[in-house]
Amino acid sequence: MFNAQQVRALQASSKQWISSAAGEITTENIEAVRNVLRFHEHRYYVENDPLISDYEYDIIYKKLQQFEEDNQELITDDSPTQRVGKGLIKNFPKVQHLVPMLSLDNSYNADDLNDFDRKVRELSGLTAIEYCVEPKFDGASISLVYDKDKLLRGITRGDGETGDDITPNVLQIRSVPVKALFCEYGIEQIEIRGEVMMNKSNFAKYNESLMEEGLPPLANPRNAAAGTLRMKDSAVVSKRNLEAFLYHISFITMGKITAQKIPDTHSGLLEMLWSLGFKSPKKEMKVAQGIADVIAYVNEFETKRDTLPYEIDGMVIKVNNLELQDKLGMTSHHPRWAIAFKFKARQATSTLLDIEYQVGRTGAVTPVAKIAAAQVGGVTVTSISVHNEDYIKEKDLRIGDHILIERSGDVIPQIVKSLPELRAGDEKEIEFPRQCPVCNDDLVRPEAEAVWRCVNINCEAQVAERIIHFVSKDAMDIKSMGEANVRKFFAMGLIKDIPSIYDLEAVHLKTLEGFGQKSIDNLLEALEASKLQPLHRLIYGLGIRYVGETTAKMLAQAVTNIFDLAKMNTEQLLQLDDVGVKVADSITKFFLNEDNVDMLHRLEAAGVQIKSQKKALTSATLSGQTFLFTGTLNKLKRKEAEEMVEANGGKILSAVSSNLNYLIVGDDAGSKLEKAKKLVSVKIMSEDDFLAMIG
Ligand code: IVH
């Protein structure tokens, strides 16, 4: 899309706009500013290889936004600022696809693939076939129509013949170009097919936010992507960070003849789409000579499945030569020139044996389905959360039901649906309890919430869960304590609330079975060490509703002492980053409860650190970026390097994942480097490059 020279020029121009050296935006240079933003969107959303930080992008974006606000007559439809939705969508008009969207025939093993190849060879009369093999993206299919370089509309698959026009929502997918230079190929109108995806880490975040709201999580990213595409408010769609892979051209009308020829192979089309700015599977595809090559590649890809940032459910094998594709044609259901190879299923059937009810630290009562042991995606599943009463009703679950379960990627297992067709008649309806299964108090279901709660804050289940949360790894990290010990000490009356853990003494523990001198020493040492944990861990450990780790870190930066939080009113709390009404209310409520204030005084008296060790940011140039160091660094100590990242607004991750932006590699780097190489989204750099970047 951009050659090295253009990249250098655009990057230099970006730096000038960031630093204001380029001066003011004018009628003359506005398109150049837009091009700079389009370039960075492409680097970020298509190439997964940003050249500037989110913060720096925002500086330029805001300048353009301001200029356009002051000069509204200069706004164009394809300006990067114009993706933003305008109001709610009333309904999605039905639109006919230019060509019906067919599905693919499936294959499951090498024999099936050999059969497919034999048929292709017989029909074509050729002895060896060139195939293009690419991932089968597990998302929601869409079709995009461009008319003279401009995105005309985006349509859902629908029934294959007609779909819903969801253009305002498609505009929120930043990897879909609003404008692409099809004219260079002489193309007048083009229909492109692809898959809209929510990547695994955005899906995990989305599910977390649903659960925080007391809503059940979704079973897989496909449902999340499909649901998001149909939202009436495109501003919400924008926040979900969808992406789109485009892998098929279904229709073209040509205008004038041009020097640039349209490729005559499928792999060539994927390259063409990529060079026009689309996220096509150019990097993931392989051109294979003969079916043995295909089989080797699909097997290799299946082993990589879990390391990809997005879900795929198989591979698609396509005859590479487009003329041959035409010759082979279609059956009424699917093309004869392509086949899907499906990976091992992540769904299985089982039976619902019983429902147990667990009381969490906020008193929420969660029903957990006990199921007949089932193997899904290589893991044995015996229990699955079924979230709340409405969820059980919605899924029409009954004890004894046959159920379909799914475990996709790292996602916790879910019940997809019950199979009522298989009922024998003796299945039992599920009656959600009205009393707490632990303290027997009446449960309460606040209006507009789906959760039944035990509101007795002294309910033993809640107290124990609160202590478990307090000692957990991400909170005070009291290693030798652990969930099992907390339950044991609590049941024996050795601890009764959070501060009482610091009253534990050797004499109490000596009589316990399995507790030798060594374990006692370890536990007491761990308790002592935890008193010096940084303030954000204490704040997170208190279990204030809606205050997760990130909010806790921000709060710890904002105060000098934990009691400052008690003194802040809602207005002051709302001034803080990322604090909305819900979080502010929850913090206020927490400190209004005298038991909580008393608990903090007892913790302070026990010697727990309640003061903040604030660190000032030197800059925010790395804001929004994540880093991980591996191997031995030569110029910096590891800790020092990590502090530099944090001081510039970046974040340190503990493992290589699709959330990681940069892996900084020292000498003798090992498995982290290997893993990062498999992730297209991770940028690998040396210590020197890192130092240069930080400046
Ligand atoms: S090609 C005419 N390629 O899988 C052939 N489809 O079961 C058009 N899919 O409806 C489809 N990844 O929604 C093709 N790389 C890929 C794909 C892919 C996912 C979906 C697509 C299709 C379904 C077929």
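First listed ligand is number 1; within each ligand, the first listed atom is number 1.
- Residue Ser103 has no N or O atom closer than 3.5 Å to an N or O atom of ligand 1.
- When only modelled atom types and interatomic distance are considered, Asp117 and Tyr131 share a side-chain donor-acceptor pair under 3.5 Å.
- Below 3.5 Å of separation, one finds no N or O of His248 facing any N or O of ligand 1.
- Considering backbone and side-chain N/O of Phe137, one or more are found under 3.5 Å from N/O of ligand 1.
- Judged by the 6.0 Å and 45° rule, Lys683 forms no cation-pi pair with Tyr662.
- Remark: the backbone N or O of Asn3 is paired with a side-chain donor or acceptor of Gln6 at under 3.5 angstrom.
- Remark: Lys232 is positioned above the aromatic ring of Phe92, its terminal NZ or CZ atom under 6.0 angstrom from the ring centre and at most 45 degrees off the axis.
- Looking at Ser267 and Asn320, their side chains do bring a donor and an acceptor atom within 3.5 Å of each other.
- Closest to atom 21 (C) of ligand 1, if we only count protein heavy atoms, is Tyr247 OH, 3.1 Å.
- For NZ of Lys239, the number of neighbouring non-hydrogen atoms (other residues, nucleotides, ligands) closer than 6.0 Å is 12 at most.
- Polar contact with ligand 1: absent for Val316 (N/O pair, distance under 3.5 Å).
- Which parts of ligand 1 touch Ser141 is read off a 4.0 Å heavy-atom cut-off, strictly below it: atoms 13 (O).
- Here the heavy atom of the protein found nearest to atom 10 (O) of ligand 1 is Leu102 O, 3.8 Å.
- When only interatomic distances are considered, the shortest N/O to N/O separation between Lys136 and ligand 1 falls below 3.5 Å.
- Residues Lys318 and Glu134 are paired through a salt bridge, judged by an N-O separation under 4.0 Å between the basic side chain and the carboxylate.
- Ranking the protein heavy atoms by distance from atom 15 (N) of ligand 1 puts Glu134 OE2, 2.8 Å first.
- Interface atoms of ligand 1 facing Pro135, defined by a heavy-atom separation under 4.0 Å, are 12 (N), 15 (N), 16 (C).
- Here the heavy atom of the protein found nearest to atom 5 (C) of ligand 1 is Leu104 CD2, 3.8 Å.
- At a 4.0 Å heavy-atom cut-off, ligand 1 does not touch Pro281 at all.
- Aromatic ring centroids of Phe343 and Tyr108 lie 6.0 Å or more apart.
- Nearest residue to atom 1 (S) of ligand 1 from Met330, Arg193, Glu195, Lys318 is Lys318 (criterion: closest heavy atom).
- Cation-pi check for Lys304 over Phe301 is met; the charged atom lies under 6.0 angstrom from the ring centroid and within 45 degrees of its normal.
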